[in-house]
4 protein chains.
Amino acid sequence: MRLENKREVQSSVKDERLIEMRRDQMIKGAVSLFKQKGFHRTTTREIAKASGFSIGTLYEYIRTKEDVLYLVCDRIYDEVRVRLHDMELDGGTLQSLSRGIAHYFKVVDSMQDEVLVMYQEAKSLSKDALPYVLKKELEMTKMFETLIQKCVDEGELVMEQDEIHLLAQNIFVQGQMWAFRRWALRKYNIDQYTDRQTELLLKGVRGYQAAVNKGE
Amino acid sequence: MRLENKREVQSSVKDERLIEMRRDQMIKGAVSLFKQKGFHRTTTREIAKASGFSIGTLYEYIRTKEDVLYLVCDRIYDEVRVRLHDMELDGGTLQSLSRGIAHYFKVVDSMQDEVLVMYQEAKSLSKDALPYVLKKELEMTKMFETLIQKCVDEGELVMEQDEIHLLAQNIFVQGQMWAFRRWALRKYNIDQYTDRQTELLLKGVRGYQAAVNKGE
Amino acid sequence: MRLENKREVQSSVKDERLIEMRRDQMIKGAVSLFKQKGFHRTTTREIAKASGFSIGTLYEYIRTKEDVLYLVCDRIYDEVRVRLHDMELDGGTLQSLSRGIAHYFKVVDSMQDEVLVMYQEAKSLSKDALPYVLKKELEMTKMFETLIQKCVDEGELVMEQDEIHLLAQNIFVQGQMWAFRRWALRKYNIDQYTDRQTELLLKGVRGYQAAVNKGE
Amino acid sequence: MRLENKREVQSSVKDERLIEMRRDQMIKGAVSLFKQKGFHRTTTREIAKASGFSIGTLYEYIRTKEDVLYLVCDRIYDEVRVRLHDMELDGGTLQSLSRGIAHYFKVVDSMQDEVLVMYQEAKSLSKDALPYVLKKELEMTKMFETLIQKCVDEGELVMEQDEIHLLAQNIFVQGQMWAFRRWALRKYNIDQYTDRQTELLLKGVRGYQAAVNKGE
DNA sequence: GATGAATGAGTATTCATTCAT
DNA sequence: GATGAATGAATACTCATTCAT
């Protein structure tokens, strides 16, 4: 079973540019509401109002309330991914890896609300829509795997396949953690958080210390 | 603002033993339902039915639906905490630290459903009840901090305060991660997961390598 | 595929006597509303109000609005049938046949509203419920067929099978006609209507004239 | 209160030929939809689509959804009436009467869908539009009355006024019956149905037997 | 004349909570 | 203490109708 990259959300409006525009408004409004009260406690009328149009218009661009959630999740992932594209995936040095991490953390930091929402509400997606979102998450962890793999290929790191996979997961989760555990991380700002986590993440990998020393 | 350890959930029934018993049934039923459909999609009628009594009786032991969620979260934390009490907090060796981690991961593994539920639904608690739950989480991360601190005191590890705190957070989150990212961790069993994570967590801390070497 | 005699309409209330009672109220209220505005223009809230209870309570006794329609149709047929049971099916004389017709017309006359409603709204039943209602209609036309057949068996009438069937249908429809074409039949009262129709229905059947003459 | 023959349905379009054309499309589309799902379950959007133009255009030719129903009913009656004009109203023989009936039944048979729709949905017309439709029905039953009256005048039949009226009603209803009770009449084709019904309708009227004998 | 996006009143249905028995 | 019938506020979604382009 192949999975298309997008799940179409049906709209009874034809004009593609209009759809784009209205959905932009919708997503913006919905994120702010979902953040405050969560998906279930937010009503479709509130979404419509926050989006700047009527309930009838809202339903011209979606089919069900869940579609809004899907659009929100979809959009957030897309944006995160686009922003991550600046990352130099072909570095192969520990420096480029830690720059990648820092970059990712920065993106999460600047999209805290969105990440938090997606993180907490994605599970409310139906069995139908969930795979599309998970697929995007997979792509993101893959990026970190690639980054790490490059370092291994270049001999900068020594790690087994299993460890690479897990390290990538850890990086990804620690990024999200910055959004969903803010209450426990108040003592750090994003730079401190990034530094500390990078240390903890990489200090242990064989070769890191050498690299640091060299840099000194 | 001091926070009592328990938030009383009012019951119109007096018999404490009865309350205990009914709530046990209730929590068991609720966890299974929340796991399947989430808190919001579960109705009080379903909870009553799954608990083996009537909707009227359910409301003899709680005041609102949210009370059920609170009781569930509360219970799960208590259980995790109780189970963690076997942990030797006074070790002060890297070995006792990694034993602690392994122990915690094992507990999470054996309570996957519960941890998952609490993890995903705790955010639905009202501003009123949330602090009580967060407090318990705090206590748990404190345990890891203590464990790490002991190692530092014993000279087994060299870490600053900030790093200790963050490492404890990471350990805690990586435990939960075993429950909430199972879909991405299918390639490991709990032992492999524990080994790999412990390596990644500790390999980097100064002193670990030495300890491993010593052990060889 | 056999058809049970009743399609169960689910109720979340257990007490059978209560169900009976509430549905009585409901049907009474619904018939009067459906008569005024038709099924589609009647809201469930109006039904609840006319039944003397709240919208919530209404839904304790049915699952969907269509259930109300089904209950109404079902009840009306049952009542008509019960009332027709006084008919002497074993007569076998033209007199008993015309008495049967008169009896049926009288029943229709006394249940005009109900018959009209059922007549006009039954088509709104889902493909699921319709067969149950049609089955009851079939039973009623069968009664007339039996009545006629008896006369044929006794030599009072000479008719082929096809004609018997059609005559029964005509009697049945002419009964309903009294309800659904009142606007065109204002010039008759029920007795006149009955007399005229009986004449038209039976004058033609071989043997009728003889019978009438005998009676003179 | 005199009743004009047509109730004007307002249109914001001026070109009469265009109006005619568009309404043709509209009626054709609507009949097919009403037949499938009934008037209330059909949306104006569906009607527009089935008619081959946009919702906006639909509303250029009507004022309300009910107008569509009125146009449909109106059109069907007109068509039935036009087709009945071939009927020789001036016959005055039983033969011409039964030919009239056969002709009418044939028309109903060829317009089954339309007759069924009108039959089931006309009641949804507002108090405002209904009289116009009933008036047309009246005209049709009048035709049968005329037909019968002629026979009486010619001495072919002996009937009182009341009976004539009722017989005309019966003929009319039995024609419709062929459309709305098809499910119960599957055993006949239209010719058999016509023959049987004509027999039942006329056998009884004084003079019929003689006529039949004469014809032998 | 034609289009289709926008509107919002209206509707069926759900569900937490209460309370008489 | 236990039950479950009653309640009605709340909510997702629809659809006839309008009107700017």
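These numbers were taken from a predicted model, which means no experiment stands behind them. Letters A, B, ... mirror the listed sequences (proteins, then strands); counts begin at 1. Basis for what follows: all heavy atoms, side chains included, without hydrogens, waters or symmetry-related copies.
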Upstream residue (5' side of DNA chain F) when B:Gly56 and A:Gly56 are each assigned their closest nucleotide: B:Gly56
Once hydrogens and angles are ignored, does a donor-acceptor distance under 3.5 Å link the base of E:dG10 to the side chain of C:Arg41? no
Counting heavy atoms from C-beta on, name the nucleotide in E:dT13, F:dC13, E:dG4 closest to the side chain of D:Ile55. E:dG4
Give a yes or no on whether a salt bridge exists between D:Arg23 and D:Asp67, defined as a side-chain N under 4.0 angstrom from a carboxylate O. no
Row check, B:Phe39 ring normal vs B:Lys65 NZ/CZ: under 6.0 Å, within 45°: yes
To the nearest angstrom, the CG-P distance between A:Leu58 and F:dC13 comes to 10 Å
Which part of the nucleic acid, if any, lies within contact of D:Ser12, taking any heavy atom under 4.0 Å across all strands shown: a base, the sugar-phosphate backbone alone, or nothing? nothing
Does B:Arg22 put a side-chain nitrogen or oxygen below 4.0 Å from OP1 or OP2 of F:dG1? no
Of all the choices, E:dA9, F:dA5, F:dT3, which nucleotide is nearest to the side chain of B:Phe53 once you look at every atom? F:dT3
Would you say B:Thr44 reaches E:dC15's phosphate, i.e. side-chain N/O to OP1/OP2 under 4.0 Å? no
Mapping C:Phe39 and A:Ser54 onto DNA chain E by nearest heavy atom, which one lands closer to the 5' end? A:Ser54
Mind calculating the distance between CZ (A:Arg45) and C1' (F:dA9) to the nearest angstrom? 14 Å
For E:dT21, which nucleotide is its Watson-Crick or G-U wobble mate, given both distances must be under 3.5 Å? F:dA2
Take atom CD of C:Glu66 and atom P of E:dT11, then tell me their distance rounded to the nearest Å. 18 Å
Is the shortest side-chain heavy-atom distance between D:Asp74 and D:Val133 below 4.5 Å? no
D:Glu16 bridged to D:Arg22 by N-O distance under 4.0 Å: no
Rounding to an integer number of Å, can you tell me how far A:Ile62 CD1 sits from E:dA5 P? 16 Å
Base, sugar-phosphate, or nothing for B:Thr43, non-hydrogen atoms under 4.0 angstrom? sugar-phosphate
Write down the distance between CD (D:Gln10) and C1' (F:dT17), rounded to a whole number of angstrom. 16 Å
Which one, E:dG10, E:dA16, E:dT13, comes nearest to the side chain of B:Lys65? E:dA16
Any idea which of E:dA12, E:dA5, F:dT7 is nearest the C:Tyr59 side chain? E:dA12
Re F:dC15: Watson-Crick or G-U wobble partner, both distances kept under 3.5 Å, found to be E:dG8
Can you check the B:Tyr61 OH to E:dA16 P distance for me, whole Å? 20 Å
With respect to the phosphate group of F:dA6, does any side-chain polar atom (N or O) of C:Thr57 fall under 4.0 Å of OP1 or OP2? no
Separation of B:Glu46 atom CD from E:dA16 atom P, in whole Å? 8 Å
Whole angstrom value for the distance that separates P of E:dC15 from NE2 of A:His40: 11 Å
Within-4.5 Å side-chain heavy-atom neighbours: B:Leu18 and B:Tyr61: yes
Look at the side chain of D:Glu60 and decide which nucleotide, out of E:dA2, E:dG8, F:dA6, has an atom nearest to it. E:dA2
Check D:Glu46 with D:Lys37, please: is the shortest side-chain N to carboxylate O separation under 4.0 Å? yes
Classify A:Ser11 by what it touches in the nucleic acid, base, sugar-phosphate, or nothing, heavy-atom distance under 4.0 Å. nothing
Counting only Watson-Crick pairs (N1-N3 plus N6-O4 or O6-N4) and G-U wobbles (N1-O2, O6-N3), all under 3.5 Å, who is the partner of E:dT13? F:dA10
Nucleotide nearest D:Asp15 when distance is taken to its side chain, options E:dG1, F:dT3, E:dA2: E:dG1
